[in-house]
Colleague: 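Once you've had a glance at the structure underneath, I'll fire off some questions.
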Amino acid sequence: MPNKNSQDELNWVIAAGIVGADIGTSIFYGTGILFPIVGYYAPLFVLTCCLMMWLFKKTYEEGLAMSPYNGGAYSMILRSVGRRGAVFAGALTFVSYLATAAVSALAGSFYLSSLFPDLSSAHIVLLSFIPIVGFGLLNTKGIKEPAKLVTLIAGLHFLLLIVIAIWGGGFLISNWDTISFQRFTQPTISLSFSTLMYGFASAFLGITGFESAAQIVEELETPTLTTVHKLYKTVIVLVSLTAPAISFLCLILLSPLEIQNNLNYLLSGLAMKLGGKFLLTIIVVDATLTLYAAVNTAFVGFIGLAKTMAKQGNLPERLLWRVAHIYPSIKGYPLIAMPFAGIALTMSALVAGEVGLLAKVYEIAFLGVMVSFCIGVILLRNQPLKKDTPKKYLSSLLFVFKDKKIPVVPLFSGVVLAAASTTLLVHSHASVLLMLVFLLALTLLLMAYYRWGLLESRLEGRNDLRLGLGKFKNTSDLPSNLPHYILCTGNIRGQWLINRALRHILKYEKNDFEFVIFHAEEGKDKEGFFFEQIQRIVSQQVAPLYNQNIILTVKVLPGTLSEGLHTLQKQYEFKKVIIGMWNSSDGKSVRDWVSDLAEDLEIPAICMDDFLKEKQIT
């Protein structure tokens with residue numbers, strides 16, 4: 001894991017607040033969405049969804065044990081399938097978080113407007129801007145400070161739900177003789193297989209936000225997996241205690257007419273029934289604050305994912321720009337937080353009249369992200385595990401098929417989620433599908449998906465310089481299976497760096513090897529300038545000095561260092577990656593920056609100073 005500052009780590013309480021703020025909002029609309037589909041069976045579907053969350057918890061713990069990095073589904077697919085699949089998962093996650101921010105901000109503002117009937121649609125849109133701009137600015141200071149506020153809101157929200165559940169239970173007991181239970185024993189809706197599937201799929205709207213913890217795993221308090229376990233357990237217990245109970249109370253205490261009149265605001269109807277205008281006002285304020293808090297969950301998830309993708313070259317590395325070394329109180333990533341705020345503001349303004357459509361897009365995208373995570377977990381279980389992988393979080397129940405070990409819990413979770421997302425797609429209106437496709441395609445375009453294909457084509461099209469020395473000197477077909485040492489030269493003192501690194505390797509490496517001198521152009525210089533320069537240095541000034549059995553290779557690629565190294569991983573198996581002279585873009589020391597690079601790309605990277613101090617090559 002990358003080095004952490006203990007002061008910036010998120011403990012399990014704050015992390016649970018971030019996740020719970022999003023999941024906790026489903027109480028306001030979940031039963032209202034389910035009732036037209038499954039009628040009075042809705043509480044059973046809510047309860048089933050809560051039980052399924054325990055399986056999702058196990059799946060996410062297993063995935064994060066194998067890949068304890070920010071990025072969630074993106075990171076899992078990157079490490080198991082590859083870059084293009086990961087980029088698609090990342091784009092789907094971006095759509096999910098953008099929709100979360102816009103829908104939550106608008107829904108909270110609609111709730112608030114119920115206390116002020118004179119507010120127009122324009123006023124509601126302007127109100128929705130407040131949480132988006134506010135949390136955008138707060139997250140430029142880092143994710144911890146706004147997370148504390150969100151945790152307070154989420155805590156009060158669940159406390160209020162517990163109070164209402166107890167209050168409603170008392171009301172039910174005291175009015176037992178007047179309550180009609182026939183609506184549950186003689187339901188008016190017949191449950192066909194199609195209805196069952198649609199009901200279960202719609203119930204999964206109650207778990208939106210579950211993925212968010214996987215986006216900030218690197219920021220969690222160590223030991224990380226213990227924090228993940230505690231936060232998920234806390235959220236699931238709180239949701240399981242409140243959601244089914246509130247759903248049942250809404251449908252048993254409200255008359256059929258009251259249910260129809262308050263279908264989109266059933267909890268408000270229940271509050272009015274139990275405590276009149278006073279409790280209704282409290283519920284409206286709670287709904288507004290909790291939905292606004294869910295906007296921050298979207299920010300946190302987006303920042304964690306965008307930061308990871310930028311470090312790995314799948315987004316512009318410029319997004320990682322920070323000013324913490326100048327202004328210590330501003331520890332966040334303003335070039336990620338503020339553009340996200342800008343896009344969310346635009347979406348909020350454009351879809352104010354179509355919140356329901358965007359909510360469907362949000363649900364489908366989110367379930368797709370969770371399916372991707374499950375696929376990544378299954379595939380990673382069939383790859384070599386790291387030595388320090390905590391085995392207690394890995395599934396012991398495995399299904400073996402043609403020498404492949406398939407963990408049953410992630411498989412079952414993935415199948416259920418895939419069925420749910422497919423069902424929602426089938427039942428979705430054409431306008432929902434159109435919006436989903438448009439947002440996903442636009443996101444992929446803005447992420448410059450084509451650029452990575454261009455990067456690989458240029459890798460294949462540019463002829464590398466490969467010089468054989470010693471016994472390889474007159475060999476026309478140079479071997480490609482030798483150990484590979486990669487030297488990232490930067491753009492200064494190339495000859496000095498090459499000779500220092502090469503002499504140190506030769507001092508300890510007794511076997512033949514290939515020494516790759518790599519340079520990332522990063523768009524700062526004319527294409528091919530350093531390629532020609534380094535070729536001259538290696539062929540004219542370096543190669544004549546050595547007669548050992550080695551191969552010298554010059555590799556220059558467009559794009560950032562992260563992009564180039566990620567591309568080289570497909571061609572070479574790195575024995576050591578030596579970072580010569582490279583400046584950190586965010587004020588970190590070179591040693592810390594190289595350490596983070598090694599963790600993010602999972603490569604054996606080391607800075608030049610530390611490499612020259614090594615007494616043996618490992």
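Numbering starts at 1 and runs along the sequence shown. The structure presented is a predicted model; accordingly, all values stated were derived computationally and were not measured.
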Colleague: With sequence neighbours left out, which residue pairs that include part of residues 294-309 fulfil the salt bridge (charged side-chain N to carboxylate O under 4.0 Å, His left out) condition?
Modeller: Glu219-Lys307
Colleague: Could you go through the ring-ring contact (aromatic ring centres under 6.0 Å, His included) check for Phe366 and Phe210 one step at a time?
Modeller: CA-CA 9 Å; Phe366 180 78; Phe210 203 90; 8.1 Å; no
Colleague: Check whether Ser595 reaches the backbone of Arg591 with its side chain - one donor and one acceptor, N or O, closer than 3.5 Å.
Modeller: no
Colleague: Looking at Lys331 and Glu145, is there a salt bridge between them, counting it only when a charged N and a carboxylate O are closer than 4.0 Å?
Modeller: no
Colleague: Can the ring centres of Phe135 and Tyr292 be said to be less than 6.0 Å apart?
Modeller: no
Colleague: Is it true that the side chains of Thr297 and Tyr97 contain a donor and an acceptor less than 3.5 Å apart?
Modeller: no
Colleague: Side-chain donor-acceptor pair under 3.5 Å between Thr308 and Tyr74, yes or no?
Modeller: no
Colleague: Can you sort out the partners of Val409 under side-chain contact (heavy atoms from CB on, under 4.5 Å), two or more places apart, ordered by chain and number?
Modeller: Leu55, Lys58, Thr59, Ser395, Ser413
Colleague: Mark yes or no for whether Ser372, through its side chain, and Gly368, through its backbone, hold a donor-acceptor pair below 3.5 Å.
Modeller: yes
Colleague: Indicate the atoms forming the closest heavy-atom contact of Leu10 with Thr227, along with that distance.
Modeller: O-CG2, 4.1 Å
Colleague: Side chains of Ser348 and Ser128: is there a donor and an acceptor less than 3.5 Å apart?
Modeller: yes
Colleague: Rounded to the nearest 0.5 Å, how far apart are CG of Leu565 and CG of Leu561?
Modeller: 4.5 Å
Colleague: Taking atom types as modelled and ignoring hydrogens, do the side chains of Glu211 and Tyr60 form a donor-acceptor contact shorter than 3.5 angstrom?
Modeller: yes
Colleague: Would the distance check show the side chain of Ser96 and the main-chain N or O of Leu92 forming a donor-acceptor pair, the cut-off being under 3.5 Å?
Modeller: no
Colleague: Just how far is it from atom OH of Tyr69 to atom CG of Leu78, taken to the nearest 0.5 Å?
Modeller: 11.5 Å
Colleague: Taking side-chain contact (heavy atoms from CB on, under 4.5 Å) as the test, write out the residues that go with Phe116, two or more places apart.
Modeller: Leu112, Leu119
Colleague: May I ask you to decide if Gly63's main-chain N or O and Ser67's side chain share a donor-acceptor pair within less than 3.5 Å?
Modeller: no
Colleague: From Ile283 CD1 over to Phe28 CZ, what is the distance, rounded to the nearest 0.5 angstrom?
Modeller: 6.5 Å
Colleague: So, taking the atom named CG in Asn139 and the one named CG in Asn296, what distance separates them when rounded to the nearest 0.5 Å?
Modeller: 5.0 Å
Colleague: Below 30° counts as parallel, above 60° as perpendicular, anything between as tilted: where do the rings of Phe56 and Phe204 land?
Modeller: tilted
Colleague: Nearest heavy-atom pair of Val150 and Ile18: which atoms, and what distance?
Modeller: CG1-CA, 4.3 Å
Colleague: Donor-acceptor check, side chain of Ser75 to backbone of Asn70, threshold 3.5 angstrom: yes or no?
Modeller: yes
Colleague: If you apply the rule side-chain contact (heavy atoms from CB on, under 4.5 Å), what do you find for Lys144 with Glu9, and how did you get there?
Modeller: CA-CA 8 Å; Lys144 189 170 186 177; Glu9 290 182 353; 5.8 Å; no
Colleague: Looking at CZ of Phe299 and CG of Leu138, how far apart are the two atoms once the value is rounded to the nearest 0.5 Å?
Modeller: 9.5 Å
Colleague: Can you tell me how far OH of Tyr393 sits from CE of Met66, rounded to the nearest 0.5 angstrom?
Modeller: 14.0 Å
